[in-house]
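Numbering of ligands and ligand atoms starts at 1, following listing order. In this chain, residues are counted from 1 in sequence order. Everything numeric in this text was worked out from a predicted model, so none of it was measured.
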Amino acid sequence: MAVRKKAFLLLPPLRKPKVPWKLIHKRSFKLVCCQKNDFERICRERQNLLKSFITNLKERYVDIYSQILPYNRNFRGQLCLLLVATGTSLASLLRLVSCLGNFPTLIGNGFQSRLLVETGKILFFIFLRCFALFAQDVIVARIVTEFQLSLRRDLFSRLLFRDAAFYYRVSCGNLLYSCTTAVERVSKLLYNLLHSFIPSFLQFIGIFVYMFLMSPPLTLSLICTMPLMLFIYNLLERILLRSTKRLQETAGALSSLLSDTFRNIRLIQSYGAQNYMLEHKLENILTRLRTQSYHFEYSKAAIVPLVTIFYAISVLVLLLMSAYLVGKGSLSSSALLTFVSSIAFLVEPLQVIASNAAEIRNGEVAWELVREHLHASSQVKDFGTYEPQKVEGHVEFRDVCFSYDSQEKHISDASEYLLSHVQFYVPAGSKVAIIGHSGSGKTTLLQLLCRFFDPVCGSILIDGIDSQSMKLSFLRKLIGVVPQDAPLISGTILENIALGHFHVDMDKVYRAAKVANALEFITQLEGGFSYDVGEGGCRLSGGQKQRIAIARAVYTDPRILLFDEATSSLDTESEAAIQSALQVVARNRTVFIVAHRLNTIQSVDLILVLERGRVVEFGKPSELLEKKGRYSELLRTQLSESSMLEGNTWKTHR
Ligand SMILES: Nc1ncnc2c1ncn2[C@@H]1O[C@H](COP(=O)(O)OP(=O)(O)OP(=O)(O)O)[C@@H](O)[C@H]1O
């Protein structure tokens, strides 16, 4: 027992994944110096290390592939065909080797019939193997193409339904990278796995068993260098894994930079920031990319030569061993010839596996990224089922608190909330203006109403029903939104007004455009409703974009309308057009207007004043004016500012 204990302590420390080397050395040093009564604790520690080592292996080799392989729905049938083709190619190879082994005994006896039969057999098996390899290629190509398409579809559909918090957290470049390059890399991984890795592995096992049955001592001498080779291979794989991860992170950053640059190209050009973007931003990433690419390529390049060196050493050991065995008379020279001809077929799969190692690692890292997007859960849950026949549009906020980072940290103090104990009731059909300083939480309040985020506490009720108990798609149809920046998608005006509708009702489109005060300018555009608005609506003015966004919100005839006002950036004519559109649109609907300029909200029924996330005033405009509180103060400040501005303008004109 004591000897066993000592032996156990002298074992090299098991490597726990992600434990730095220094720590491992410290640990092994402690192991050697420890007291005997610490033995049980050390045993437990080692068992845990072993467990985590096995879990790590399982995660890498079993879990990843068990998730990727069944991804394709029609996978099983095609996989069976692939197994048949692989089996046929392997069997024909083994038969080929054995036929080649018979050949030396037939040489020297002229063209006898057996020689012809053996030649015919060899030809047949060569053809059979070539046909099986062709079938393998075709089946793998079909599996991989189907896999790639269904993975792209699935990823895109998951991303379309992700919540707003996700899109604030993950960069656009990362998402582009995941949907394009990462998917291609995972497909390449599957291709390598089915086309090279599994057939090569099966070929290796088949030839190995065949050789072992022929001569166990020679086979063992051949593989005596294998543990060392596997160790080196494993080490290189780890290095590859690390550099692949870094490389993919940098590639994601590059995609982010590119999408950011092209989206904001006019801003960059107008500030003359092209050289800054090129020499500072891009150069930084390219330098990182260069270093990481070299690191990756060097490790990749080292794999095949190392495998070949170990192969050469194994062959030398084999030659020595065979000389000894032939000399002793326990191995015939024809058996030796068959054995040697088999070695080429044994080494070929090893080289294939080694040369594909880098791409397999690349694919595994890309899969981690894709899997994260596929399986991460949304913070906003769609558990509600309630879909009432008729909705009036009464809206109530009941003691609502909210913070954007409530998911990351626990909030104990109410003052840390962005919106704190917000409480108000808006009867159906009312027009409410939400006012307050920039950053006071006005837009956030509207985002909560649409359930882009859920409150940390309290509830939001529509017609007295908690909005979380309603089906999310129903709730979103109930609410029309005109955001501050009035975003448009690339396509025609028609597509933008009837966004998301497969069947377009042209009468409704005309009516929506008319009430949004957009019909006149649309009919003047070339192609009218078929006019292409360009990427993000870049071929329209700010006021035109706003009016199309209003028409879009009206098209679905929502009970509640949210308007995040951005009229301050428009000229007086566009602003007047939008204001009059709003007057029409607002009829018979509950409307929330985030107002930045108080002169635009003279005809509202209620005013809600937000200050640092708290409702400081709520009521009819006349009541609030009488009260002489925050609203009248804000109104006075804005009026004096605008009269000063007008005075300045007048002076300049003079
Ligand atoms: N996705 C987000 N993640 C973290 N913080 C956010 C996020 N969106 C907004 N904020 C922060 O929340 C606060 C309120 O933002 P919000 O857009 O609601 O203000 P606002 O009153 O509408 O401002 P403005 O009048 O300037 O549009 C701001 O301090 C802002 O920095």
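- Lys628 and Glu626 are not joined by a salt bridge, as no carboxylate oxygen comes within less than 4.0 angstrom of a charged side-chain nitrogen.
- Contact check on Glu249 versus Arg288 returns no salt bridge, with no Lys/Arg side-chain nitrogen under 4.0 Å from an Asp/Glu carboxylate oxygen.
- The side chain to side chain contact (heavy atoms under 4.5 Å, CB included) search around Gln274 returns Ile268, Gln269, not counting sequence neighbours.
- Partners of His280 by ring-ring contact (aromatic ring centres under 6.0 Å, His included), not counting sequence neighbours, listed by chain and number: Tyr276.
- Side-chain contact check for Ser530 and Thr492: no donor-acceptor pair (N or O, by modelled atom type) lies under 3.5 Å.
- Sorted by chain and number, the residues within 4.0 Å of ligand 1 by heavy atom are Tyr168, Tyr404, Leu418, His437, Ser438, Gly439, Ser440, Gly441, Lys442, Thr443, Thr444, Gln484, His596.
- Residues passing the side chain to side chain contact (heavy atoms under 4.5 Å, CB included) test with Val515 are Val554, Val584, Val585, sequence neighbours excluded.
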